A.B. asks: 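Provided herewith is a single structure, encoded as structure tokens, for subsequent inquiry.
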Amino acid sequence: MPPVAPRSGDAIFANIERVNAELFTLTYGAIVRQLLTDLEEVEEVNKQLDQMGYNIGIRLIDEFLAKSNVSRCNDFRETTDVIAKVGFKMFLGVTASVTNWDADGTCCSIVLEDNPLVDFVELPDNCQGLYYCNILSGVIRGALDMVSMKTEVTWLRDVLRGDDVFELQVKLLKHVPEEYPYKDDE
């Protein structure tokens, strides 16, 4: 039997069960609003959104790998390309592009032209330090952590702050060697 070919983000998105986009957007907005009310400090909200995203990412990678039929990526460059082309399409219905690689191939930018999380959103003046979509940086960091890549993910540009696109910088800090929980020879 021939090996199963990886599915494109469009094919997966067409067949995946989805929630209403407006409901998703408004629910996420309510979560951010509640965090702002509870934590009061914008920087604390940014940290909490990142941590929530990390927790989602460490679980979401399993669903991604199960449904996408993506084989093991050879390097960080290939991994970020799969995240941008397949992962974002699969879970958010948008495609991102990967740009601005450094010479070492350990740092790049993921650029989103469209972001469904920010539909109906305007940041008030007292929230200008808020990275409204910081949950996405946590999701990427958590997912990469589960495939043995320690990363740092930060926002460079944000449409809600007046920029023309959403841009995340993903920096590979180190590849973690895979550890197995037990030895087969005992």
Side-chain angles (χ1 to χ4, degrees), residues 9 12 16 18-19 24-68 70 72-73 75-96 98 100 106-112 115-118 121 123 127 129-161 166-181:
I12 299 166
I16 202 166
R18 291 184 290 273
V19 68
F24 175 68
T25 301
L26 294 172
T27 302
Y28 181 71
I31 291 169
V32 174
R33 181 70 189 130
Q34 189 62 49
L35 285 172
L36 285 166
T37 302
D38 292 348
L39 300 176
E40 296 176 2
E41 292 293 322
V42 171
E43 199 51 47
E44 286 300 312
V45 174
N46 287 336
K47 288 178 188 174
Q48 187 66 33
L49 287 172
D50 182 70
Q51 186 60 46
M52 289 169 63
Y54 181 84
N55 293 338
I56 292 168
I58 62 176
R59 289 167 181 79
L60 204 61
I61 189 69
D62 289 330
E63 182 176 352
F64 173 78
L65 293 172
K67 291 184 178 179
S68 68
V70 171
R72 186 175 199 73
C73 294
D75 57 14
F76 184 61
R77 185 179 292 265
E78 185 180 346
T79 303
T80 54
D81 200 46
V82 168
I83 290 169
K85 303 280 188 297
V86 182
F88 274 99
K89 184 66 176 184
M90 183 174 168
F91 293 110
L92 289 177
V94 298
T95 303
V98 182
N100 301 329
T106 59
C107 186
C108 66
S109 292
I110 297 178
V111 177
L112 290 161
N115 184 346
L117 289 178
V118 299
V121 175
L123 290 181
C127 294
L130 177 68
Y131 289 103
Y132 184 81
C133 298
N134 215 33
I135 199 165
L136 294 178
S137 63
V139 168
I140 293 169
R141 194 170 53 85
L144 289 174
D145 214 14
M146 291 293 98
V147 293
S148 304
M149 293 183 186
K150 292 284 184 198
T151 56
E152 180 181 283
V153 184
T154 53
W155 286 97
L156 297 181
R157 294 190 289 169
D158 188 335
V159 171
L160 295 176
R161 293 172 169 224
F166 294 93
E167 182 177 354
L168 285 157
Q169 181 183 60
V170 183
K171 180 188 281 186
L172 178 65
L173 302 176
K174 69 178 182 175
H175 278 281
V176 179
E178 290 187 33
E179 294 179 14
Y180 298 99

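Only a predicted model underlies this, so the values are computations on that prediction, with no experimental measurement involved.
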A.B. asks: Any side-chain donor paired with an acceptor under 3.5 Å for Asp145 and Tyr54?
C.D. replies: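 The criterion, which ignores hydrogens and geometry beyond distance, is satisfied for Tyr54 and Asp145.
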A.B. asks: With side chains defined as the heavy atoms from C-beta onward, is the minimum distance between Ile110 and Phe88 less than 4.5 Å?
C.D. replies: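 Yes, at least one pair of side-chain atoms sits under 4.5 Å.
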A.B. asks: Picking from Leu173, Val139, Ile83, what satisfies side chain to side chain contact (heavy atoms under 4.5 Å, CB included) with Leu144?
C.D. replies: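 When Leu173, Val139, Ile83 are each tested with Leu144, the side chain to side chain contact (heavy atoms under 4.5 Å, CB included) holds only for Ile83.
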A.B. asks: Go through the steps for Val170 and Cys107 under the test side chain to side chain contact (heavy atoms under 4.5 Å, CB included), then give the verdict.
C.D. replies: CA-CA 6 Å; Val170 183; Cys107 186; over 6 Å; no
A.B. asks: Are side-chain heavy atoms of Asp75 and Glu78 found at a separation under 4.5 Å?
C.D. replies: yes
A.B. asks: Val98 and Cys108: which non-hydrogen atoms are nearest, and at how many Å?
C.D. replies: CG1-SG, 3.8 Å
A.B. asks: Please find the pair of heavy atoms, one from Leu49 and one from Leu35, that lie closest to each other, and give the distance.
C.D. replies: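 Scanning both residues, the minimum pair turns out to be CD2-CD1, 3.6 Å.
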A.B. asks: Indicate yes or no: at least one non-hydrogen side-chain atom of Val153 is less than 4.5 angstrom from one of Gln169.
C.D. replies: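 A side-chain contact under 4.5 Å is absent here.
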A.B. asks: Between Thr25 and Val118, is a side chain to side chain contact (heavy atoms under 4.5 Å, CB included) present by the stated rule, with each step listed?
C.D. replies: CA-CA 7 Å; Thr25 301; Val118 299; over 6 Å; no
A.B. asks: Between Arg59 (side chain only) and Asn55 (backbone N and O only), is there a donor and an acceptor less than 3.5 Å apart?
C.D. replies: yes
A.B. asks: Answer whether the closest heavy-atom distance between the side chains of Ile135 and Leu117 falls below 4.5 Å.
C.D. replies: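 In contact.
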A.B. asks: Any heavy-atom pair between the side chains of Ile31 and Met52 that's under 4.5 Å?
C.D. replies: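 In short, these two side chains touch, coming nearer than 4.5 Å.
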A.B. asks: Answer whether the closest heavy-atom distance between the side chains of Leu60 and Phe91 falls below 4.5 Å.
C.D. replies: yes
A.B. asks: Which heavy atom of Thr79 sits nearest to which heavy atom of Cys73, and what is that distance?
C.D. replies: OG1-CB, 3.2 Å
A.B. asks: Would you mind reporting whether Leu168 and Ile140 have side-chain heavy atoms less than 4.5 Å apart?
C.D. replies: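 Contact flag for Ile140/Leu168 side chains = yes.
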A.B. asks: Taking atom CZ of Arg33 as the centre, does the number of heavy atoms from other residues, nucleotides or ligands within less than 6.0 Å exceed 12?
C.D. replies: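 12 or below, so no.
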A.B. asks: Under the side-chain hydrogen bond (donor to acceptor under 3.5 Å, both in side chains) criterion, do Glu167 and Asn100 qualify, and how do the steps go?
C.D. replies: CA-CA 11 Å; Glu167 182 177 354; Asn100 301 329; 3.1 Å; yes
A.B. asks: Verify side chain to side chain contact (heavy atoms under 4.5 Å, CB included) between Arg141 and Asp50, making sure each step is shown before the conclusion.
C.D. replies: CA-CA 9 Å; Arg141 194 170 53 85; Asp50 182 70; 2.6 Å; yes
A.B. asks: Please work out whether the ring planes of Tyr132 and Tyr28 are parallel, tilted or perpendicular, with thresholds of 30° and 60°.
C.D. replies: perpendicular
